[in-house]
Novice: 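First, the structure itself, so that you have it in front of you.
Remember, predicted model here, so these are calculated numbers, not experimental data. Residue numbers start from 1 in every chain, and the chains themselves are labelled A, B, ... in the order their sequence lines are given, proteins ahead of strands.
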2 protein chains.
Amino acid sequence: MARPRQFDEDRVITAAMDTFWRHGYEGTSTRDLCESTGLGPSSLYNTFGGKRELYLRALERYYETVTAEQIALLNAPGSAKERLRAMMLHSLDSDLDAAEGRRGCFAMNAAVEVAALDPDVKRSVRRTFDRVEDELCAVVGAGQATGEIAAGRDARALARLVQSTYYGLRVLSRVQDDRTVLLSTVDSTLAAL
Amino acid sequence: MARPRQFDEDRVITAAMDTFWRHGYEGTSTRDLCESTGLGPSSLYNTFGGKRELYLRALERYYETVTAEQIALLNAPGSAKERLRAMMLHSLDSDLDAAEGRRGCFAMNAAVEVAALDPDVKRSVRRTFDRVEDELCAVVGAGQATGEIAAGRDARALARLVQSTYYGLRVLSRVQDDRTVLLSTVDSTLAAL
DNA sequence: CGCGTTATGAAGCACTCGCTCCAAAACCAT
DNA sequence: ATGGTTTTGGAGCGAGTGCTTCATAACGCG
């Protein structure tokens with residue numbers, strides 16, 4: 001019927017996610033996106049609509065890939081606390097890895113930079129955070145069932161406590177390079193459960 | 001000797017802080033700064049050097065005013081947990097106040113948006129965070145002295161735990177509008193001490 | 001093949017970016 | 001008042017912004 005696309009849409013979104021993640025929304029120009037995706041501006045606008053829409057797609061992709069990986073770590077074999085620790089360690093090491101560019105958590109970056117200005121971004125990040133909370137809640141519940149975690153307190157409340165500490169650590173990791181300091185806070189969190 | 005300045009430097013920095021705080025570093029243009037400070041570009045550049053330097057001054061001012069207020073709440077009369085709670089509640093209500101523009105914590109915004117790109121910004125935010133940690137540590141220590149907080153665990157470790165939860169809550173408040181949800185996490189944190 | 005349709009690359013739109021330059025203005029010491 | 005020094009407003013620099021336009025290219029279908 002017509003000329004087919006010369007690019008793989010998934011690859012393009014992944015490349016765009018990488019660029020937005022690294023430089024933020026305002027810090028990324030449409031030319032940056034053209035360069036990292038390999039698309040010309042006309043293809044990019046024809047396919048996705050514009051910078052904002054592509055950013056939303058990138059956030060979606062982050063949820064499908066990186067957040068999914070966090071959740072997989074939470075559902076891996078092991079005790080509840082081992083699984084919580086594995087997830088936090090994984091993120092922390094990612095945050096501190098200079099080779100990855102110290103770009104942090106894309107969802108958190110979006111929450112801080114864009115959520116107040118764009119309701120769609122706010123909704124997308126909210127969905128990611130809510131999903132993480134749910135998964136944490138399930139792990140805490142499992143820990144309570146085995147007696148590993150005190151059953152007296154509400155699982156949801158404990159999950160939210162872990163989640164807050166987790167994102168707080170990721171904030172601190174932006175200016176704190178000492179892994180052992182952050183690591184000890186992970187252990188304090190688990191000890192408090 | 002020469003023509004004196006027509007503006008108050010402190011007022012200008014405070015106005016710049018307000019603008020950077022609201023719109024972020026990349027989201028603020030030099031024209032925005034001229035408008036909010038009332039200065040022409042020549043005065044602004046002659047006095048401060050440039051956008052980046054003014055941002056650093058704004059961060060300094062944040063430390064001197066807003067962070068100082070947080071610390072004052074930590075040192076107000078009351079039990080240790082009451083003081084921790086007062087500080088967290090104050091920030092949370094500020095974060096959720098639509099009239100303030102949902103701009104969050106300026107130091108945290110700087111940590112997330114700029115710290116990886118600018119060592120001076122990283123240092124400045126780090127200093128603020130370290131100071132907050134120290135003050136939290138003092139309050140925790142006081143709580144342990146009165147028996148309000150279990151003396152078994154290291155005060156510094158508990159302070160870092162509180163700090164992480166605190167900044168994590170401020171991240172979540174960017175997408176979570178329900179005050180009671182965030183509030184319950186504050187209480188979970190205090191209960192875990 | 002030729003047609004209808006869509007994708008592509010390049011040029012470029014109006015506008016904004018951070019910043020500079022400079023003549024005029026405003027002060028104080030003499 | 002004059003001279004010396006600094007500040008001020010405004011015009012404007014080159015580069016970059018998000019995005020559009022359009023002729024051309026590349027396909028599947030008849």
Novice: Apply side-chain hydrogen bond (donor to acceptor under 3.5 Å, both in side chains) to S91(A) and Y166(A), showing your working.
Specialist: CA-CA 9 Å; S91(A) 296; Y166(A) 171 62; 2.6 Å; yes
Novice: Nearest whole angstrom, please: distance from the C1' of dC21(C) to the CG of L44(B).
Specialist: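 Spelled out: CG on L44(B) to C1' on dC21(C) is 16 Å.
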Novice: Going by the rule side-chain contact (heavy atoms from CB on, under 4.5 Å), which residues pair with E26(B) if we only count those two or more places apart in sequence or in a different chain?
Specialist: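 In terms of side-chain contact (heavy atoms from CB on, under 4.5 Å), with neighbours along the sequence ignored, E26(B) is linked to E26(A), E113(B).
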Novice: State which residues pass side chain to side chain donor-acceptor pair (under 3.5 Å) with K51(A); sequence neighbours excluded, sorted by chain then number.
Specialist: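 None.
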Novice: Taking DNA chain C as the partner, which of residues 8-29 of chain A come within under 4.0 angstrom of it by heavy atom?
Specialist: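 Close to the strand, none.
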Novice: K51(B) NZ to dC19(C) C1': how many Å, rounded?
Specialist: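 Atom NZ in K51(B) sits about 12 Å away from atom C1' in dC19(C).
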Novice: Reading nucleotides 2-13 of chain C 5' to 3', which nucleotides get B (base under 4.0 Å from a protein heavy atom), which S (sugar-phosphate only), which -?
Specialist: --BBBBSBBBB-
Novice: Residues two or more places apart in sequence or in another chain: which of them pass ring pair (Phe, Tyr, Trp, His ring centres under 6.0 Å) with Y63(B)?
Specialist: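 Partners of Y63(B) under the ring pair (Phe, Tyr, Trp, His ring centres under 6.0 Å) test: none.
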Novice: Quick one: how far along DNA chain D does chain B reach, first to last nucleotide 5' to 3', anything under 4.0 Å to a heavy atom?
Specialist: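 Answer, 5' to 3': dG4(D) to dG12(D).
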Novice: Write out all pairs satisfying salt bridge (Lys or Arg N to Asp or Glu O under 4.0 Å) with one or both partners inside residues 177-188 of chain A, taking only residues at least two apart or from two chains.
Specialist: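 Checked against salt bridge (Lys or Arg N to Asp or Glu O under 4.0 Å) - neighbours excluded - the pairs reaching residues 177-188 of chain A are R85(A)-D187(A), D93(A)-R179(A), R102(A)-D177(A), D177(A)-K122(B).
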Novice: Which side chain to side chain donor-acceptor pair (under 3.5 Å) pairs, counting each pair once, include a residue from residues 37-46 of chain A, with sequence neighbours left out?
Specialist: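 Every pair satisfying side chain to side chain donor-acceptor pair (under 3.5 Å) with a residue in residues 37-46 of chain A: there are none.
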Novice: Who passes side chain to side chain donor-acceptor pair (under 3.5 Å) against E100(B), sequence neighbours left out?
Specialist: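 With neighbours one apart ignored, the set is S94(B).
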Novice: According to side-chain contact (heavy atoms from CB on, under 4.5 Å), who are the partners of E9(B), at least two apart in sequence or on a separate chain?
Specialist: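 So E9(B) forms a side-chain contact (heavy atoms from CB on, under 4.5 Å) with R5(B), I13(B), T47(B), F48(B), R57(B).
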Novice: Under the ring pair (Phe, Tyr, Trp, His ring centres under 6.0 Å) test, which residues partner Y167(A), sequence neighbours left out?
Specialist: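 Per chain and number, Y167(A) pairs via ring pair (Phe, Tyr, Trp, His ring centres under 6.0 Å) with F129(A).
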Novice: For R153(A), give me all partners under side chain to side chain donor-acceptor pair (under 3.5 Å), at least two apart in sequence or on another chain.
Specialist: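 Checked R153(A) against side chain to side chain donor-acceptor pair (under 3.5 Å); zero matches.
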